[in-house]
There are 2 protein chains.
Amino acid sequence: MFLDVAKLAGGSDRRIEILKSAAAAFRRRGYHGASVDEIASALDMTKGNLYYYFQNKEEILFACHDYSLDVLLTLMEQVRAEESPPDDKLRKLILAFVHMLLDELQGTALTLDLQALSPLLLKRIIAKRDRFDRGLREIIQQGIESGLFRPGDAKLIGFAIMGAVNWITKWFDPAGPMSSEAIGRGFADYLVGGLFALPASYSAVSPGFNSNT
Amino acid sequence: MFLDVAKLAGGSDRRIEILKSAAAAFRRRGYHGASVDEIASALDMTKGNLYYYFQNKEEILFACHDYSLDVLLTLMEQVRAEESPPDDKLRKLILAFVHMLLDELQGTALTLDLQALSPLLLKRIIAKRDRFDRGLREIIQQGIESGLFRPGDAKLIGFAIMGAVNWITKWFDPAGPMSSEAIGRGFADYLVGGLFALPASYSAVSPGFNSNT
DNA sequence: TCACGATTTGAACGCTCGTTTAAACTGGTG
DNA sequence: CACCAGTTTAAACGAGCGTTCAAATCGTGA
C-alpha cells in the first residue's frame, strides 16, 4: 500500500535524512528563516558537510519539493488506475494525501516557499505540481459530468480541496487530540460528501430554517 | 457596507501605506526573505525612514496581522448580528472574506509567517485569530444542530474552510481570467452547499455510478 | 599495516540585512 | 526671517548567514 519513498528522491540515505530535517526547518521558519546550520545541527553534523551532498541551500529546497511531489504523483497514479467511481477515488486521494502529509512528510508538501527558487527550478516544480492538479481536476470533472456531483468549476473545487488539505499543517499538532486518520476522514466526509448532487429542494434558495435549540 | 479599514489599524496614513507594502513583500518572499529596504523602496522612501514609524521589522509584521484580523473580526461581528439562517451567514462570510483578501488586503491575511513573532506578540495574534475561528465554528455548529447541515465536526470544517480560502492567495492571479467575485461565489457554492444534510440515499455508501461519458 | 577514496571538520570569507544616529530638510507659526 | 516640531536622509555598524576549502578523519580492501 505505502510507497517506498526512499527510492523516489534518487539519493543516498544521508540525502534523505537531510531533506527531512530541512523540510521540518523550512516549515517551521520558512526558507529564508531557517539556517543551513540549523538543518545540519539537527542531524549532528556541521553545516559545511551539507555541501558534500548538495550544491547549495536552494538545491535542498528544490529536492524537498521534488521529493514531495514524486510521492504525491505516485499516489495519484495509483488512484487513477483504479476502477471506481469518482467519489471513491477522491476520498481515497484525500485520505492518502492527509496521511502522507502528516505521517510521512512531516507536515511538508506544497507549503514550502516556492518563490525562493530560481526561475529554472521553479518551472520544473510547477510543471510537476500542475500534473497533480490536472489529475485532481479530471476526477472532479468526471463526477460532475456523470451527474454524480452537482455542477461546478472543477478547477476552483480542486484549488479549494488542495487549500483545505495543505492548510492542515498550519494547525495540526501531533501531540493534540486528533489523529491524522480522524482528520483525513473528517476532511473526506466534508470535501467529497459536499460534492454530491442535491435534490431540487436544496437549490439556491435555502430551505426553511428550523431552529430547535 | 464596507469597513473603513484605515481607522482599524490605529495609525497614520503613512503607517497604513507601509503596512500594505510590507504585507505584499511578506507575501511574495516571506517574512525573512523580504528586506526592510524592499518595503521602503516600493514607497520611494529610505529604509531608515521606516524606523520613524515602527520600532523594528517584527512590529511591522505584527501590525500586518493585527490589522488584517481587525478587518476580519469586524466582518464577523456584522455577520453575527444578522438574523438569518447559518447557511446565509456562512455564505456572506465567505464572500466578504474572499473579497477582503483579494481586493483589500492584497492577498494577505493569515498567510504571513506567524512563527516569526516573539512569544508575547504571537500570543496576542493567536488570541485574536481564535476569536474569529470560534465565531466561524459557532455558525457551523448552529447549522448542524438545527438539522440544516449534516452532522460533522464543526472545528474540522472550520479549518477546512479557512484553509481553502487562505490558500487562494497561493494561486490567484489578479491579471487572470477569474474575478475575485467569481472565486468567492464558486467557493461559497462548494463550501456552504456541501454542508447541507443529504437524503438517505446519499449516505456513506455512494449511489450507483452512472457513467455516461 | 598501509593506502586511498569517501566523508567530515573547523575556520575563514564576503555579503546582506536590520538597526542606529547625527545631520538635513520641510512646512507652518509668530 | 527665525524658530521648531515633524519628517527624511545617508552613512555606518555589527551580527548572522551561505559558501568555500584545505586539512583531518574514517572505512575498507590489499
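Note on naming: letters A, B, ... go to the chains in the order of the sequence lines (proteins, then strands), and numbering restarts at 1 for each one. On a predicted model such as this, the values are computed, not experimentally measured, just so you know.
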| field | Pair F97(B) and F187(B), ring centroids less than 6.0 Å apart | value | no
| said: Around atom CZ of R137(B), are there more than 12 heavy atoms from other residues, nucleotides or ligands closer than 6.0 Å? | reply: yes
| remark: Atom CZ of R15(A) and atom C1' of dA6(C) are separated, to the nearest Å, by 16 Å
| Salt bridge check: are D113(A) and R29(B) linked by an N-O gap of less than 4.0 Å? | no
| field | Sidechain N-carboxylate O distance under 4.0 Å for K128(A), D70(A) | value | yes
| note | Expected string for nucleotides 6-21 of chain D under the B/S/- scheme (protein heavy atoms, under 4.0 Å, primed atoms plus P, OP1, OP2 as sugar-phosphate) is SBBBS-------BBB-
| field | Geometric cation-pi criterion R150(B) and Y190(A), 6.0 Å radius, 45° cone | value | no
